[in-house]
Every structure is written in C-alpha cells, then in structure tokens.
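Report on the following structure.
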Amino acid sequence: KERNDGSVLITRDDKLVGIFTERDALRIMAEGADLDIPIEQVMVADPVTLSASDTVGKAIAKMSIGGYRRLPIVGESGGAIGILKVSGILRYLVEHFPDVVYTLPPKPHHRTETREGA
C-alpha cells in the first residue's frame, strides 16, 4: 500500500511464475475464501508479459485486449524486471502528447447519427 503497487510478482528460481493483484484479493474475499491458503492457489499463473524491448503500442494492445491494468516486464532469462501500469502509460502519453490527449472528445470514436449544422 505504501508503494501504491496493487500487485505482487511471484518468482521461483529467478523466473516469473505468477502475479497476484488487488483484484484477485478482492475476488477471493468476496467469495469468502480461506485467506490462509498458499498464494500459488489464487495467483494468476504464467501471466501475460512484456519484454523491455516491446513498444508502448504493443503494451496498450495487450492491456486493451486482455483487460489488464498491469503487465509484468520480463528479461531474456524470464525473470521479472518490472511492471507496467496503465497509469504509467497515461502519464507518458500526457507528457509527450499533451495537445492530443487534452483535446480528445469525451467519446473519441463517437459518430454522429444525424447531420450537424444547417
């Protein structure tokens, strides 16, 4: 909570084997599950990952398609080297493309059904 992470990467022998997020915690609490079970039983095993050389576009596509808010970044050996959050991507886009971000309409892909104007 202090680091505002909202997730934990689980590794074994320096390899990423799973991720446990605040969504997972909320889900198991809502189900009334036993909270004394091993994390392996409730983590997402073999999570979708990014490599450090992947592009921002690829990250956005994976997050959008899979509905992920966080994606682990792994090195060539399969070890976790970081985590990318949606908020980090948004911060990047605002910093580098403020004119585009701040002028987006409320519904960017909205199509008017009727003709506007006179």
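With sequence neighbours left out, the side chain to side chain donor-acceptor pair (under 3.5 Å) criterion links Ser7 to no other residue. In this structure, the side chain to side chain donor-acceptor pair (under 3.5 Å) partners of Ser53, at least two apart in sequence or on a different chain, are Ser51. Evaluation of the side-chain contact (heavy atoms from CB on, under 4.5 Å) rule for Asp14 yields no partner, not counting sequence neighbours. Residues passing the side chain to side chain donor-acceptor pair (under 3.5 Å) test with Arg69, sequence neighbours excluded: Glu22. Here Ala52 pairs with Ile73, Ile81 under the side-chain contact (heavy atoms from CB on, under 4.5 Å) rule; sequence neighbours left out. By the side-chain contact (heavy atoms from CB on, under 4.5 Å) test, Ala33 is found to be paired with Ile28, residues two or more places apart in sequence or in another chain being considered. For Lys15, there are no salt bridge (charged side-chain N to carboxylate O under 4.0 Å, His left out) partners two or more places apart in sequence or in a different chain.
The salt bridge (charged side-chain N to carboxylate O under 4.0 Å, His left out) analysis of residues 89-101, with sequence neighbours excluded, yields no pairs. For residues 69-93, every residue pair satisfying the ring-ring contact (aromatic ring centres under 6.0 Å, His included) rule, not counting sequence neighbours, is listed here: Tyr92-His96. Annotation: side-chain hydrogen bond (donor to acceptor under 3.5 Å, both in side chains) contacts involving residues 76-88, sequence neighbours excluded, are absent. Residue pairs meeting the salt bridge (charged side-chain N to carboxylate O under 4.0 Å, His left out) criterion with at least one member in residues 47-61, sequence neighbours excluded, are Asp54-Lys58.
Nearest heavy atoms, Pro47 versus Gly18: CD-CA, 3.7 Å. Among all heavy-atom pairs drawn from Val86 and Tyr68, the shortest one is CG2-O, 3.8 Å. Contact between Lys62 and Leu50 at its shortest, heavy atoms only, is CD-CD2, 3.8 Å. In plain terms, the two heavy atoms of Met63 and Ile89 that are nearest each other are SD-CD1, 3.6 Å. Nearest heavy-atom pair across Ile10 and Phe20 is CD1-N, 3.8 Å. Shown here for Ala80 and Thr11, the closest heavy-atom pair between the two residues is CB-CG2, 4.3 Å.
Hydrophobic cluster membership of Leu16, counting Ile, Leu, Val, Met, Phe, Trp and Tyr whose side-chain heavy atoms lie under 4.5 Å apart directly or via other members: Leu9, Ile19, Val44, Val74, Ile83.
Side-chain heavy atoms closer than 4.5 Å link hydrophobic residues (I, L, V, M, F, W, Y) into clusters, and following such links, even through other members, never connects Met43 to Val48. No chain of hydrophobic side-chain contacts below 4.5 Å, direct or via other Ile, Leu, Val, Met, Phe, Trp or Tyr residues, connects Ile65 to Leu84.
Note that CG of Asp24 is 10.5 Å distant from CE of Met29, once rounded to the nearest 0.5 Å. Rounding to the nearest 0.5 Å gives a distance of 6.5 Å between OG1 of Thr21 and CZ of Arg70.
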